[in-house]
Structure formats: C-alpha cells, structure tokens
Amino acid sequence: MSLFIYNSLTRSKEKFVPLTKGLVNMYVCGPTVYDFPHIGHAKSYISFDIVVRYLRYLGYHVRYVQNITDVGHLLDDGQDRMLKGAQREQRHPMELAEVYTRAYFEAMDALNVLRPDISPRATGHIPEQIELVHTLLEKGYAYVVNDSVYFDISQWPYYGKLSGRRVDDQQAGARLEINEEKRHPADFALWKKAEPQHIMQWNSPWGRGYPGWHVECSAMAMKYLGESLDIHGGGMENQFPHHECEIAQSEAATGTQFVKYWMHHNMVMVDSQKMSKSLGNFTSIQQALKRFSGAHIRFFILQTHYRSPVDFNDDSIAASSQGLQRLITTNKELLRALENARDETTAPEISDMCADYKARVENEMNDDFNTPAAIGQLFNFSRDINSYLSRDLSKGSVKMLLDHFTAHADVILGILPKDTAKAVSAEPFIDLLVRVRSDLREQKNWRMSDMLRGQLSELGVVVNDSKGGSSWSYKT
RNA sequence: GGCGGCAUAGCCAAGUGGUAAGGCCACGGUCUGCAAAACCGUGUUCACUGGUUCGAUUCCAGUUGCCGCCUCCA
C-alpha cells in the first residue's frame, strides 16, 4: 500500500510520487510574526508536522521550508500588520518580529512540532523577490504603474486553476476598496510603492517600496527548493487568493509546474464559533497551554482529520485527554515490564500482533494522513498490550511491543509527552515513597499506606496497585 | 451574486453499495484490604424528502441548517 495524498489542485486523492526518488521538497506558509500564535496556528503546523514525520518514517529525505513573514501584510482596515504591531508596542518592526518569532517557536516546541529545516525571513530575501518581479516584467506578465508593479492576470490564462474560480464571477471590492491603479481588479501587487511614513521600505528598480503580498513565498520556496516543489501546504483560507497568486507568478516566471501536491487544512472554531478578536474568543497557544499540556492539545487536534474543521472547547479537550492518558499508561507499563522481564526470546504471537498493527497504522496514515483512524488503531493496540501485560511476557516480547508502540505513538504521531525537567528531578523521590508504601502494605498498615496514597494524590501523583507491585503516574 | 466545505449514536470522531473503527461519559461484571488502573459486557443508528439498486448511512436530485473564501487572518 502506498501513500495517497489529497491534492487540492485536482480535488482527488493521488498516489504520492516525489519528483526525485527518495527526496521530498516541502514548503508551508509560515506565520506573520506581529502577535502571539493562536490555536489556528497549532492546527496548521501540527498537521504538516505529521506529514513531515510520516514521510521521514517512510524513509524519505525531507527538506522542509517554512517562512517567517516579517514584512507587512494588510489588515481589513487597510493597515499594515507589522506596522500596527510596532506602533502598539512602541517597538522597531524588527524587534517585534524577533519577539513573536521566538514566541512562535516556543509554542511549537511545546506542541512537539519539529522545527523546519529552513525558516527564511521575508526581509532577508528582498533581492530574491525583486529579481522575481523583474523576471515577470521582462516576460510581459507584469506592468508598472506609479512606481508599483502588478501581475497582469490577462496574460495568465490559468489563473483560478487551484481555487476553481472565474475572475469575472468575483465581486470586486467585496472587502477592500478597489484599487484604481490596476488594469483589472484581480491583478495583484508584486511590488508596492512606499509612502514616506511607511517604516519598512527598500530600494528597487521602481523606487522606494516594499514587496507585494505573495512574492515572498514564491521567491523563498524556489530559492531553497527549486522551481518545482513536491508539496506546498497551507490553510484553506489561503487557497484563494494567496496560493492562486503564488502559482501564477511562479509558473509565469519559470514556465514549469510550481507545485505537484497542494495540501490545505481546515479551520479551527472556538466553542462552535469562528475564532476572531471581535468575538472575544481569540485563543493564543500560550493561553491554551495554561489549561492543557502541549501533548493534550496536540492529541486533541490529531483526533480530527486535518481536512475537517475542529471545534476547540475545554470539555472536548478534557475528554480526549482522558483517552490520551490510557496510551501514556500503556507506554509506562511497558517500560516497567521491560525492567522486570527476563528471557530475550520473542513470542511468535507477539511478533504477529506487532506486524498486524504496524500494517493497520500505516494503512490509515497512507490514506491521506488519517490520524484519527490511526489513533483508533493505537487504542486497539493499547488494549491488546494491556491484556498481555497482565500475564508473564519475555523481555524480547516486551521490547518488541515497546518498539512498535513508540514507533506509532511517538515517532509518527508525537503524542507521548516528553519528560520534563521537573519530572526527572522528582521521580526518584516518588519512587522511594512508593517503595516505602509497598512495605507498609506488606505489613498491612493500611492507615499509613492510604495516607501516603492520599497525600501523593494531592501532590498530583496517582498510585496504582497491582499483583506485580505498585506503579505511579502524574495526574493529567 | 460566485467558489468551496460540513451535517454519523448523550458528547467527540473515523468510515463503507451489504447493514456503523476508536475515544469520553454512563451502567453492570472480573481483579483489589479498599481504591485506582486494567480487562470483559451493554450502542439499531448515520439532518430531512424523493430517486437509482436485490440492498444506501454510503451513489444521484432536491430541501434545511452551519461554516470558510471572493486581494490576502492558519
């Protein structure tokens, strides 16, 4: 069974075949660093983290590029994002970018999202963007008006092939005012003339200005990944116009296909409503991390397919966290069993079961990264493992179970929480207390053992007794 | 006005032309000094109305409701 990816370009699931055997070049639209990252970013970058992880699991060498947008993009009210943030916080735009770039990576680390191989900044690639604009002008796909450069969609018959839109059906000025400079309302800016008060501006062949709203992605993607990429990812809301424009300007400039597989993830809602600052339900990742761990948020998001919308609410996350706890418990019990078990041989029924679950998980992941179904298989696997753990298992068998379980839960899905520094320092002492309590129980000193269990519980440690002895875990 | 998406049991959520994975919650049971964890058991139901079919939750048409996008919010 091979990997199939839903390609937005063809609106169908296609077998994944990279342009170069064994190599995958992948680009994902990164954040605009003018404010703290929100849970929409979490869904986006967790979704593509899964893509990267799974491709690597399959043995591909993946080069993953994700930009940092630190040049202004316009807001609904016509203001520049970076500019607005800089004014709000009385900072230089580059300071602002630095603060929120760090906040972004910290949030992603907490969610166990692997860092991209390259995180290029838009402001660090102004010459590349100017060069791309220059090429488009030379080839006749763009025109200059009043020191600004616009892409001429009348020269590009394929405009709309990604989003399925026909330019004439769109309502010009549905949201923003019509720009009178443009020959056609759908023409888009490649380079904009800067007004004197505009903080971020650069020299160009067309005068002082700043890059248009889509060129950075094309310029940086092609610089690091070549003219044709295997995968380009982003949110559905960027399908039009952002990605449509990326295709137009890139393919017009190079004359070759820009992206083979376009992937788009669905949106996040909060308490069944669109998340927006005006509704007051805007949730930053930093805020969410105060209520739930990164692993809980990640697991919750992965229990919905990336192309389905997810409704972010506390009750649902709490419910799914209960489920994650079962998987964490199984992992811990396997680690405990590994210490106690002897005999390196592996039981045939165990290796059969592991092979079976490996096939099942890969089967689900091969179907357009179906993480909810893969997690379903992981729960089945967990239940079977727990059944075996109540009997005697050889060390070889336990090791095989552990290898497979972590390959699925940790390597592919990344949902097992990393041990924190706090946990590492506290663990030996908790072990000690639990050992003392075991002695008390052997003496049938229930009063003291129950007191210890109660106190540990208040401190956030749950003790579980079983035939093989007592174990413990952190409360969630 | 145009383009696109979604509607599955109390809740969350996969999926299929042949009768619903998984998780949460709930209720029984096993185990346990008591618990917890774990394991076992309990779910007739896929928005509505037509159509195609031997058979549809799955395909087609219509209806209703919700959501995203239309010059740049992941």
Side-chain angles (χ1 to χ4, degrees), chain A residues 8 11 28-32 35 37-45 47-48 73-76 81 160 163-179 182 185-189 212-214 233-245 264-269 272-277 299-300 303-305 307-311 313 315-327 329-330 333 360 364 367 370-380 382-383 386-387 389-390 441 444 446 449-450 453-454 457 462-467 470-471 473:
Chain A
S8 307
R11 292 164 208 263
V28 169
C29 291
T32 303
D35 204 346
H38 53 71
I39 52 170
H41 293 103
K43 174 155 171 100
S44 178
Y45 302 116
S47 298
F48 294 115
H73 278 192
L74 292 192
L75 288 163
D76 287 352
R81 275 179 207 295
S163 58
R165 291 165 204 242
R166 290 174 349 123
V167 166
D168 297 339
D169 290 341
Q170 305 298 306
Q171 276 182 0
R175 276 174 63 198
L176 295 195
E177 280 184 28
I178 296 170
N179 179 345
K182 299 193 289 190
D187 288 350
F188 57 91
W213 307 304
H214 314 292
M236 276 181 181
E237 82 287 352
N238 276 334
Q239 208 165 344
F240 187 89
H242 184 55
H243 294 154
E244 196 68 62
C245 294
H264 290 97
H265 65 81
N266 217 312
M267 313 298 285
V268 169
M269 301 203 293
S272 307
Q273 280 186 308
K274 173 184 176 161
M275 176 172 69
S276 72
K277 285 185 174 165
F299 183 72
F300 172 69
Q303 279 204 293
T304 304
H305 188 79
R307 283 192 291 114
S308 299
V310 62
D311 187 11
N313 67 76
D315 287 347
S316 293
I317 302 172
S320 94
S321 297
Q322 288 299 318
L324 176 60
Q325 193 53 48
R326 287 165 63 82
L327 301 177
T329 301
T330 295
E333 290 301 318
R360 290 204 221 176
E364 303 295 3
D367 182 16
N370 192 338
T371 54
I375 287 169
Q377 292 301 337
L378 203 55
F379 277 112
N380 289 332
S382 170
R383 190 187 58 235
N386 289 338
S387 293
L389 280 171
S390 63
R441 290 182 71 239
K444 299 197 188 297
W446 309 126
S449 66
D450 285 354
R453 184 172 59 189
S457 175
V462 186
V463 181
N464 301 317
D465 299 331
S466 68
K467 269 185 183 150
S470 302
S471 63
S473 58

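Here is the naming used below: chain letters follow the sequence lines, and residue numbers restart at 1 for every chain.
Taking atom CZ of F300(A) as the reference point, atom P of A13(B) lies 7 Å away to the nearest angstrom. With rounding to whole Å, H265(A) atom NE2 is found 16 Å from C6(B) atom P. C24(B) atom P lies 20 Å from atom CG of D311(A), rounded to whole Å. As a whole-Å value, the separation of R11(A) CZ from G4(B) P is 6 Å. Taking atom CD of Q303(A) as the reference point, atom P of C12(B) lies 13 Å away to the nearest angstrom. Nucleotide A14(B) holds its P atom 11 Å from the CZ atom of R307(A), rounded to whole Å. Between I317(A) atom CD1 and C11(B) atom P the separation is 18 Å, expressed in whole Å. The distance between atom CZ of R360(A) and atom C1' of G15(B), rounded to the nearest whole Å, is 15 Å.
Nearest heavy-atom pair across T304(A) and P372(A) is C-CG, 3.5 Å. Minimum interatomic distance between E244(A) and G160(A) (heavy atoms only, all atoms of both residues): OE2-N, 2.7 Å. In this structure, V268(A) and G40(A) approach most closely via the heavy-atom pair CG2-CA, 3.9 Å.
Taking 4.5 Å as the limit, every side-chain heavy atom of S390(A) sits out of range of all side-chain heavy atoms of N386(A).
Nucleotide G17(B) is matched to nothing when pairs are restricted to Watson-Crick or G-U wobble geometry with both distances under 3.5 angstrom. Nucleotide A26(B) forms a pair with U42(B), judged by Watson-Crick or G-U wobble geometry with both contacts under 3.5 Å. A37(B) is unpaired under the criterion used here, namely a Watson-Crick or G-U wobble arrangement in which both key atom distances are under 3.5 Å. Partner assigned to A61(B) is U49(B), using Watson-Crick or G-U wobble distances below 3.5 angstrom. Nucleotide G1(B) is matched to C70(B) when pairs are restricted to Watson-Crick or G-U wobble geometry with both distances under 3.5 angstrom. Look at U32(B): it lacks any Watson-Crick or wobble partner with both distances under 3.5 angstrom.
Across all strands shown, H305(A) has heavy atoms under 4.0 Å from sugar-phosphate atoms exclusively, and none from any base. Using a 4.0 Å heavy-atom distance criterion, G323(A) is classed as a sugar-phosphate-only contact. Heavy atoms of D187(A) sit under 4.0 angstrom from at least one base atom. Residue S473(A) is out of contact with every strand shown, counting any heavy-atom pair closer than 4.0 Å.
Screening H243(A), H264(A), R307(A) for a side chain to side chain donor-acceptor pair (under 3.5 Å) with S8(A), the sole residue that qualifies is H264(A).
Ring planes of H214(A) and H242(A): tilted class, angle from 30 to 60°.
Contact annotation: N266(A) does not reach the phosphate of C67(B) (side-chain N/O to OP1 or OP2, under 4.0 Å). Using a 4.0 Å cut-off, no side-chain N or O of S316(A) falls inside it from OP1 or OP2 of C11(B).
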Discussion item. Treating primed atoms plus P, OP1 and OP2 as sugar-phosphate and everything else as base, which nucleotides of nucleotides 30-40 of chain B get B, S or - for protein heavy atoms under 4.0 Å?
Written reply: ---BBBBSSSS
